[in-house]
2 protein chains.
Amino acid sequence: MATIGDVAKAAGVSRSTVSYALSGKRTISDETRERIESAIRELGFTPNAGARALATSQTRVIGLLVQFFRDEFSPAMMQYVLPISDAAREAGYDILMVTEDDGPHALKRITDSDMVDGLVLLNVAHDDPRVGPLRSARQPGALVGLPRDTDGLDVFDLDFGEAARMLVDHLQGLGHREIILVSPNEHVITRGGAYVWRFRDAALERAARYGLRIYPYYGETQQPDVAEQWNQVLDARPTATAVIVHNDAMIAGLPPVLNARGVEVPRDLSVVGIFSEDFGRLFSLPYTAIETSPDKLGRAAVQALVHRMRDGEGAGAPVVRFIAPELTDRGSTSTR
Amino acid sequence: MATIGDVAKAAGVSRSTVSYALSGKRTISDETRERIESAIRELGFTPNAGARALATSQTRVIGLLVQFFRDEFSPAMMQYVLPISDAAREAGYDILMVTEDDGPHALKRITDSDMVDGLVLLNVAHDDPRVGPLRSARQPGALVGLPRDTDGLDVFDLDFGEAARMLVDHLQGLGHREIILVSPNEHVITRGGAYVWRFRDAALERAARYGLRIYPYYGETQQPDVAEQWNQVLDARPTATAVIVHNDAMIAGLPPVLNARGVEVPRDLSVVGIFSEDFGRLFSLPYTAIETSPDKLGRAAVQALVHRMRDGEGAGAPVVRFIAPELTDRGSTSTR
DNA sequence: TTGCAATGTCGAACCGGTTCGATTACCGTG
DNA sequence: CACGGTAATCGAACCGGTTCGACATTGCAA
């Protein structure tokens with residue numbers, strides 16, 4: 001491969017002149033610049049990333065730490081990964097994707113060796129072990145998901161509390177008095193997925209305030225358990241007139257169950273959920289729902305990170321941003 | 001961050017001695033090694049990746065080129081990405097994941113700048129525009145998916161022809177004479193997904209040899225089109241006694257359709273498919289099927305690539321490996 | 001006519017590792 | 001006691017970029 005020295009020789013100038021022609025940090029005469037450019041074209045020169053990183057202390061790479069848990073639908077993570085990758089590329093960064101089980105260790109490895117200029121942490125748990133190492137890393141980071149202590153961190157998450165209140169309000173306004181609430185699997189809460197109880201607690205509290213009766217459950221994550229659980233729950237709560245579903249597997253598995261039981265939505269039962277638009281389209285879910293907007297979250301995290309990588313300490317105070325839930329009415333609720 | 005020079009100073013030795021203590025390429029006295037190691041621990045030294053890459057011309061990073069097409073279920077790609085990432089890490093490599101639309105351009109960018117030691121191309125099409133740039137790259141690559149010209153490349157794919165023959169043979173052996181065949185969406189074939197016609201042609205040819213009647217269709221990729229198409233197809237072919245489904249969306253959407261029509265499997269209809277084990281478990285598909293084994297393919301590609309990166313030209317002749325289809329009998333077929 | 005600033009280019013140092021050849025000390029051997 | 005061999009370490013060069021300070025040339029104003 002051609003080096004900057006080869007280009008310099010071919011153009012009859014010094015290495016530094018080629019560098020300045022490339023970066024534009026000093027003025028170069030038009031004639032010299034043209035000689036350099038044609039030499040670059042002829043030799044097919046592309047700067048060596050390692051050498052550049054060494055000289056500038058910048059890699060133009062973002063580390064993406066993905067974390068998978070048992071009983072989560074792992075392909076769904078792609079909904080976050082793709083927008084993040086796209087947004088990073090638009091800002092001139094590549095993505096080093098790390099899926100190691102030992103997240104803190106992986107984080108330390110890539111930051112200590114200066115492989116990346118910054119980090120995005122996905123699926124952040126309440127007591128996420130990656131947050132400590134992130135704080136002591138040289139590189140800035142942005143989180144998707146809410147940790148217990150957000151001090152000094154840029155954090156992005158959906159406002160799950162507000163989402164729950166919106167759904168309860170919606171059903172209350174229609175006159176529903178008994179509601180079934182299905183949360184993610186219990187495994188998710190034990191490993192510290194705070195969004196589970198942020199949503200659940202807010203729903204329970206709001207329902208209590210209205211004097212509504214609400215029946216909370218933790219849902220299954222796989223067929224055929226999903227269908228079986230739905231039948232059990234619906235049998236156990238024959239007087240409930242609405243369900244709120246915060247669980248991808250449970251809501252994807254709902255239509256055939258209702259179909260088999262002869263339950264018509266919204267005539268016999270009002271159904272609301274919380275899931276991403278893409279997910280809903282894939283499974284053709286005809287339910288009124290809050291969008292989880294993984295694309296917005298991913299892009300926001302990258303933007304904040306890029307800002308912070310560019311401006312360093314001058315990038316201003318850290319931001320904890322809860323993106324506002326949006327309700328899409330697909331007509332799956334009715335008055336009672 | 002501490003450099004190797006800081007460590008050397010703290011341990012009272014030269015930089016090269018520290019380097020040799022780290023790599024073990026020359027003998028170092030126990031006493032000196034211990035001084036160096038404790039200096040490393042105290043200073044928290046980790047070698048700088050850029051400097052090391054510059055000195056050794058090795059990045060210990062694998063580029064993963066992911067390609068998404070309209071009308072493919074993109075999260076499904078995660079089934080390939082995860083095993084590849086895991087296998088790479090086990091071999092000591094990190095993954096630079098590139099999802100750029102312009103694949104050839106991205107490939108050229110990361111290879112010319114020496115950001116990676118090797119490449120894995122996912123979802124390779126018959127006339128994949130990335131294969132040319134890959135051939136002229138310095139770094140070796142491994143493909144998942146079969147291109148027209150495999151010369152000089154390590155290629156891994158499922159043996160779709162054999163898979164189709166196994167399924168036709170299976171149905172023929174049970175006495176079926178009229179079979180519906182559902183392929184992936186037509187968009188996939190137009191952009192050059194060779195596995196579509198490799199499977200389809202083999203099935204048609206095998207059926208013709210047995211004198212079976214086979215009705216081929218290209219399937220939809222989203223609800224509610226999927227359900228609608230199933231109803232149309234089943235209405236149009238009332239005498240068919242079996243279906244072969246090579247389309248994730250269509251087979252995931254099949255159970256509710258059959259349920260609604262009162263069709264019982266395998267009493268009224270024999271069903272076979274081709275999909276990954278994970279996919280089948282997620283949707284609880286009770287169908288006899290060929291495994292597409294994305295994990296095996298991904299890991300095989302990484303293994304071959306690692307071998308070639310280590311041994312360079314001495315790694316032997318390129319390999320085109322079709323992994324053997326395995327049929328899992330879930331009891332969704334019966335004699336006719 | 002001299003002085004000064006702006007323009008364009010060069011050489012050298014530096015980023016943080018690895019590796020080659022040379023050097024020193026010490027050992028056993030003839 | 002000189003000699004060769006081995007173990008342990010050092011210094012310098014190198015990988016391929018970037019950047020700082022210096023320098024030569026030119027144009028313009030005083």
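Order of the sequence lines fixes the chain letters, A, B, ..., with proteins taken first and strands second; residue numbering starts at 1 for each chain. Note that the structure is a prediction, hence the values are computed from the model and not measured.
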Integer-rounded Å distance: C:dG16 C1' and A:Asp112 CG:
15 Å

Answer with yes or no whether A:Tyr20 presents, from its side chain, a donor or acceptor under 3.5 Å of a partner atom in the base of D:dC20.
yes

In whole Å, what is the span from the CZ atom of A:Arg60 to the C1' atom of D:dG17?
16 Å

Between C:dC10, D:dG16, D:dA7, which one does the side chain of B:Thr27 approach most closely?
D:dA7

Round to the nearest Å and state the distance from A:Ile36 atom CD1 to C:dG8 atom P.
12 Å

Which nucleotide in the set C:dT18, D:dG16, C:dG17 lies at the smallest distance from any side-chain heavy atom of A:Ala51?
D:dG16

Nearest nucleotide by nearest heavy atom, which residue falls closer to the 5' end of DNA chain C, B:Asn48 or A:Ile28?
A:Ile28

Between C:dG17 (C1') and B:Leu43 (CG): distance, integer Å:
16 Å

Rounded distance (Å) that lies between atom P of D:dC15 and atom CE of B:Met115:
22 Å

Between the side chain of B:Arg308 and the main-chain N/O of B:Gly316, is any donor-acceptor distance below 3.5 Å?
yes

Nearest-nucleotide check on DNA chain D, B:Arg33 vs B:Ser57; residue mapping nearer the 5' end is B:Arg33

Judged by nearest nucleotide, the residue sitting upstream toward the 5' end of DNA chain C, B:Arg26 or B:Phe45, is B:Phe45

Does C:dT18 have its OP1 or OP2 closer than 4.0 Å to a side-chain nitrogen or oxygen of B:Arg52?
yes

Phosphate OP1/OP2 of D:dG17 contacted by A:Ser19 side-chain N/O (<4.0 Å)
no

Between C:dA13, C:dG17, C:dT19, spot the one nearest the side chain of A:Arg15, thanks.
C:dA13

Atom-to-atom span, CD of B:Gln58 to P of D:dG16 - whole angstrom
14 Å

Identify whether any heavy atom of A:Ser16 sits under 4.0 Å from a base atom; if not, whether one sits that close to sugar-phosphate; answer base, sugar-phosphate or nothing.
base

Out of D:dT18, D:dT19, D:dA8, minimum distance to the side chain of B:Thr32 belongs to D:dA8

With a 4.0 Å cutoff (strictly under), does any side-chain N or O of B:Lys25 reach OP1 or OP2 of C:dT19?
yes

Whether B:Ser14 contacts D:dC10 is assessed here as follows: a side-chain N or O lying under 4.0 Å from the phosphate OP1 or OP2. Is that the case?
yes

Does a side-chain heavy-atom distance below 4.5 Å link A:Asn123 with A:Tyr80?
no

Can you identify which nucleotide, out of C:dG8, D:dG17, C:dG17, has its nearest atom closest to the B:Thr3 side chain?
C:dG17

Round to a whole Å and report the spacing from CG of B:Asp114 to P of D:dC15.
14 Å

Proximal nucleotide (of D:dG16, D:dA13, C:dC10) relative to the B:Leu54 side chain:
D:dG16

Sidechain-backbone polar pair: A:Arg35 side chain, A:Ala11 backbone, donor-acceptor under 3.5 Å:
yes

Between A:Arg135 and A:Asp151, is there a salt bridge with N-O shorter than 4.0 Å?
no

Check whether any side-chain nitrogen or oxygen of B:Ser23 sits under 4.0 Å from OP1 or OP2 of C:dT18, and answer yes or no.
no

Provide the closest heavy-atom pair for B:Asp94 versus A:Leu96 in the form atom of the first, atom of the second, distance.
CB-CD1, 4.0 Å

Taking atom C1' of C:dT9 as reference, at what distance in whole Å does atom CD1 of A:Ile4 sit?
14 Å

Specify the closest pair of heavy atoms between B:Ser85 and A:Thr99, including all atoms of both residues, with the distance to one decimal.
OG-OG1, 2.6 Å

